[in-house]
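All remarks here apply to the structure that follows.
In each ligand, atom 1 is the first atom listed, and ligand 1 is the first ligand listed.
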Amino acid sequence: MEKRAFITGITGQDGAYLAKFLLDKGYKVFGLVRRLSSPNFWRLEELGIKNEIECLDGDLTDEYSLNQAVKAAQPNEVYNLAAQSFVGTSWKQAVLTSEVTAIGTIKILNAVRDFAPAAKFYQASSSEMFGNSGGLDIKDENTALHPTSPYAISKLFAHWMAVNYKDSYGLFTCCGILFNHESSLRGIEFVTRKISDGVARIKLGMADKLQLGNLDSKRDWGFAGDYVEAMWAMLQQDKPDNYIVSTGKTHSVEDFCKEAFKVAGITDWKQYITQDPRYMRPSELHVLQGSSNKAKNILGWTPKVDFEGLVKMMVEADLRRLSKK
Ligand code: NAP
Ligand code: G4F
């Protein structure tokens with residue numbers, strides 16, 4: 001029988017890739033779409049799947065709409081990807097971030113418990129939850145959690161709620177602790193896409209500088225298209241569990257810039273970078289590097305795209321987009 005998946009956050013980067021992956025597997029895909037003044041379907045349109053998705057109106061802050069959407073979808077699998085996902089904004093809008101990213105997760109868990117209790121549930125947890133715990137150590141599923149932003153605290157709350165609903169109500173909940181993953185569909189405010197877009201603009205003579213914040217912070221950057229496969233694999237297991245998804249390698253923001261300018265064929269790249277205090281954070285997470293050995297051993301998951309491949313893919317996509325304009 002055709003499997004049914006319900007995705008919150010379907011209009012975001014991961015939602016779009018996951019929807020495509022599930023459609024290719026023959027799933028019927030439902031997506032929660034909130035009301036905006038202008039629709040935000042560009043990612044689903046770029047992947048050519050907009051018309052294959054059944055959109056259900058709703059918002060993570062509105063429990064009634066979630067109940068109705070879950071009732072309508074009658075899903076076998078629920079992927080809770082919706083969030084206020086930008087760390088920088090989470091200091092300026094801490095209450096909103098908590099309402100969507102933390103409390104919204106209880107609302108969708110309640111909807112699943114009450115209207116689709118047999119559904120398997122994926123929670124989008126984050127490597128941000130580690131904060132600076134363990135310093136430079138490679139993080140694994142046993143590393144202590146010490147969040148450093150309102151976003152990370154909200155994700156930590158949501159993570160433990162998903163675990164608690166497994167223990168309390170027997171729901172099949174899995175948390176994917178995903179390290180940073182990027183693509184040409186990444187939101188422009190995140191540093192990787194800001195860099196790929198900025199470098200493409202400089203290359204095409206449309207800009208002459210790139211303003212960034214902390215160039216020293218390091219992230220374990222992978223490709224979003226690889227990471228959604230791990231989300232799905234978690235829900236295909238007999239037992240619910242939590243898994244880290246990462247590449248195991250870490251690079252600085254400066255490394256990302258250097259590689260992006262290299263792809264664009266620009267050697268004197270340092271002259272284009274300026275640091276702007278507006279992009280510094282009140283509290284910084286300095287280094288992230290994760291071990292996905294558990295995902296490799298149990299799910300058989302490994303990343304396919306490496307750092308250089310990711311940067312190339314992103315810069316080339318932005319060069320193509322901007323050249324068309
Ligand atoms: P994203 O591109 O920012 O997408 C966020 C999605 O959430 C969008 O579809 C957005 O809808 C939706 N959303 C926001 N507020 C909502 C609300 N009140 N009600 C319903 N939907 C709402 O994020 P992403 O990169 O795809 O990440 C997916 C999930 O994984 C997020 O939970 C994120 O926190 C988490 N995560 C991401 C990473 C990463 O590196 N990408 C790593 C770890 C965890 P609109 O289109 O209407 O704005
Ligand atoms: O790209 P970022 O904004 O991503 P961040 O904060 O690591 O969060 C992303 O990954 C998390 C997983 O670890 C997700 F949970 C979360 O939803 C999101 O997807 O910033 C990366 C680093 C930071 O250290 C930041 O301070 O880049 C640094 N940075 C330097 N200049 C900048 C900039 N970040 C942004 N956004 N813009 C800058 O100009």
Side-chain angles (χ1 to χ4, degrees), residues 7-18 31-44 57-62 65-66 69 79-90 96-97 99-101 103-105 107-108 122-131 139 147-149 151-152 154-155 158-159 175-183 185-195 198 210-224 227-228 231 244-246 252-254 256-257 273-276 278-288 290:
I7 304 175
T8 74
I10 198 161
T11 53
Q13 171 189 256
D14 292 6
Y17 280 113
L18 178 64
L32 187 80
V33 176
R34 62 175 170 156
R35 197 265 161 187
L36 295 173
S37 62
S38 312
N40 179 25
F41 291 126
W42 67 274
R43 295 180 174 97
L44 299 173
D57 292 336
D59 192 295
L60 222 59
T61 58
D62 182 325
S65 68
L66 298 176
Y79 295 86
N80 184 34
L81 309 184
Q84 191 304 92
S85 72
F86 188 50
V87 174
T89 290
S90 77
L96 176 112
T97 302
E99 281 171 356
V100 177
T101 307
I103 306 300
T105 303
K107 292 178 179 166
I108 184 74
Y122 174 85
Q123 172 58 24
S125 292
S126 168
S127 53
E128 268 284 311
M129 300 188 309
F130 292 116
K139 317 298 184 234
T148 55
S149 65
Y151 164 81
S154 299
K155 279 288 178 190
H159 177 87
C175 299
I177 306 172
L178 270 53
F179 283 61
N180 298 50
H181 45 281
E182 319 292 316
S183 70
L185 301 184
R186 189 57 144 149
I188 197 84
E189 69 275 36
F190 296 94
V191 78
T192 54
R193 182 74 208 295
K194 184 172 169 182
I195 295 169
L210 178 54
Q211 289 179 304
L212 295 168
N214 181 8
L215 301 178
D216 298 328
S217 63
K218 295 175 107 179
R219 292 292 182 270
D220 181 331
W221 278 300
F223 170 52
Y227 284 35
V228 299
M231 297 176 186
I244 280 182
V245 179
S246 63
S252 67
V253 172
E254 184 167 322
F256 198 103
C257 291
I273 307 277
T274 56
Q275 276 186 290
D276 187 326
R278 278 184 303 161
Y279 301 113
M280 301 290 185
R281 295 181 174 174
S283 159
E284 182 61 278
L285 196 173
H286 302 293
V287 181
L288 277 176

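From the protein, the heavy atom lying nearest to atom 30 (O) of ligand 1 is A124 CB, 3.4 Å. Looking at atom 36 (N) of ligand 2, its nearest protein heavy atom turns out to be E189 O, 2.9 Å. Ranking the protein heavy atoms by distance from atom 4 (O) of ligand 1 puts G12 CA, 3.4 Å first. Ranking protein heavy atoms by distance to atom 14 (C) of ligand 1, first place goes to A83 O, 3.2 Å. The protein heavy-atom contact nearest to atom 2 (P) of ligand 2 is R281 NH2, 3.8 Å. Counting protein heavy atoms only, atom 6 (C) of ligand 1 is closest to G9 CA, 3.6 Å. The protein non-hydrogen atom at the shortest distance from atom 19 (N) of ligand 1 is L60 N, 2.8 Å. Shortest contact from atom 26 (O) of ligand 2 to any protein heavy atom: E284 OE2, 2.6 Å. Ranking protein heavy atoms by distance to atom 5 (P) of ligand 2, first place goes to N180 ND2, 3.7 Å. Nearest protein neighbour of atom 31 (N) of ligand 2, counting heavy atoms only, is G213 N, 2.8 Å. Considering only non-hydrogen protein atoms, atom 30 (C) of ligand 2 sits nearest to N214 O, 3.2 Å. With respect to atom 33 (C) of ligand 2, the closest heavy atom belonging to the protein is V191 CG2, 3.5 Å. Annotation: atom 40 (O) of ligand 1 to nearest protein heavy atom, H181 N, 2.9 Å. For atom 39 (O) of ligand 2, the closest non-hydrogen atom on the protein side is K194 NZ, 2.7 Å. Shortest contact from atom 10 (C) of ligand 1 to any protein heavy atom: T11 OG1, 4.0 Å. Scanning the protein heavy atoms around atom 1 (P) of ligand 1, the nearest turns out to be S85 OG, 3.7 Å.
Side chain of T8 to backbone of L81: a donor-acceptor contact under 3.5 angstrom is found. At least one donor-acceptor pair under 3.5 Å links the side chain of S65 to the backbone N or O of D62. Q275 places a side-chain N or O within 3.5 Å of a backbone atom of G213 that can act as its donor or acceptor partner. For the pair K194 (side chain) and L210 (backbone), a donor-acceptor distance under 3.5 Å is absent. Looking at S283, its side chain does come within 3.5 Å of a backbone N or O of T148 through a donor-acceptor pair. Proximity of a side-chain donor or acceptor of D220 to a complementary backbone N or O of S246 within less than 3.5 Å is not detected.
Between L81 and ligand 1, at least one N/O pair is under 3.5 Å apart. Below 3.5 Å of separation, one finds an N or O of D14 facing an N or O of ligand 1. Residue contacts with ligand 2: W221 is placed with no nitrogen or oxygen under 3.5 Å of a nitrogen or oxygen of the ligand (distance criterion only). No N or O atom of Q84 sits closer than 3.5 Å to an N or O atom of ligand 1. For the pair S126 and ligand 1, the shortest N or O to N or O distance does not fall below 3.5 Å. Of the N or O atoms in N80, none lie within a sub-3.5 Å distance of an N or O in ligand 1.
In this structure, K155 NZ and S90 OG are separated by 11.5 Å, a value rounded to the nearest 0.5 Å. The CD atom of Q123 sits 11.0 Å away from atom CD1 of I177, with the distance rounded to the nearest 0.5 Å. We find the CG-CE distance between N214 and M280 to be 5.5 Å, quoted to the nearest 0.5 Å. Here the NZ atom belonging to K139 is positioned 9.5 Å from the OG atom belonging to S127, to the nearest 0.5 angstrom. Annotation: the span from I10 atom CD1 to L32 atom CG amounts to 9.0 Å, rounded to 0.5 Å. The distance from the CG atom of N180 to the CH2 atom of W221 is 7.0 Å, given to the nearest 0.5 Å.
The shortest heavy-atom contact between V228 and D14 is CG1-O, 3.6 Å. Residues Y151 and Q84 come closest through the heavy atom pair CD1-O, 3.3 Å. Closest approach of G131 and L288 over heavy atoms only: O-CD2, 4.5 Å. Minimum interatomic distance between R186 and T192 (heavy atoms only, all atoms of both residues): CG-OG1, 4.0 Å. Contact record, L60 with V100: CD2-O, 3.4 Å, taken as the closest heavy-atom pair. Here the closest non-hydrogen pair linking Q13 and S183 is OE1-OG, 2.9 Å.
Taking 4.0 Å as the cut-off, G176 does not count as a neighbour of ligand 1 on heavy-atom distance. For the pair E99 and ligand 1, no heavy-atom separation below 4.0 Å is found. The shortest heavy-atom distance from R186 to ligand 2 is under 4.0 Å. Every heavy atom of E128 sits 4.0 Å or more from the atoms of ligand 1. Using a non-hydrogen distance threshold of 4.0 Å, T8 does not register as a contact of ligand 1.
Note on E284 versus R219: salt bridge recorded, some NZ/NE/NH1/NH2 to OD/OE distance being below 4.0 Å.
Here V87 has side-chain heavy atoms under 4.0 Å from ligand 2, and that is the only part of it that gets that close. If you look at S217 next to ligand 2, the close heavy atoms, those under 4.0 Å, all belong to the side chain. With a 4.0 Å heavy-atom cut-off, ligand 2 is reached by no atom of M280. Heavy atoms of V253 found under 4.0 angstrom from ligand 2 belong exclusively to the side chain. The proximity of L215 to ligand 2, defined as any non-hydrogen pair under 4.0 Å, does not occur for either the backbone or the side chain.
Atom numbering of ligand 2 starts at 1 in the shown order; those under 4.0 Å from a heavy atom of L288 are 13 (O). Counting atoms of ligand 2 from 1 in the listed order, those under 4.0 Å from a heavy atom of S127 are 12 (C), 13 (O). For ligand 1, the atoms lying closer than 4.0 Å to a non-hydrogen atom of S125 are 43 (C), 44 (C). Less than 4.0 angstrom separates some heavy atom of N180 from each of these atoms of ligand 1: 40 (O).
Among Q13, R35, R34, the residue whose heavy atom lies nearest to atom 16 (C) of ligand 1 is R34. Of the listed options Y122, Y151, Y227, Y151 places a heavy atom closest to atom 36 (N) of ligand 1. Counting heavy atoms only, Y151 comes closest to atom 14 (C) of ligand 2 of the residues Y279, Y151, F86. Considering S85, S125, S126, S252 only, the shortest heavy-atom separation from atom 11 (C) of ligand 2 involves S126.
Taking the six-membered ring for Trp and thresholds of 30 and 60 degrees, Y227 and H181 have ring planes inclined between 30 and 60 degrees apart. Using cut-offs of 30° and 60° on the angle between ring planes, the pair Y122 and Y79 is tilted. Between F179 and F130, the ring-plane angle classifies as tilted under the 30° and 60° cut-offs.
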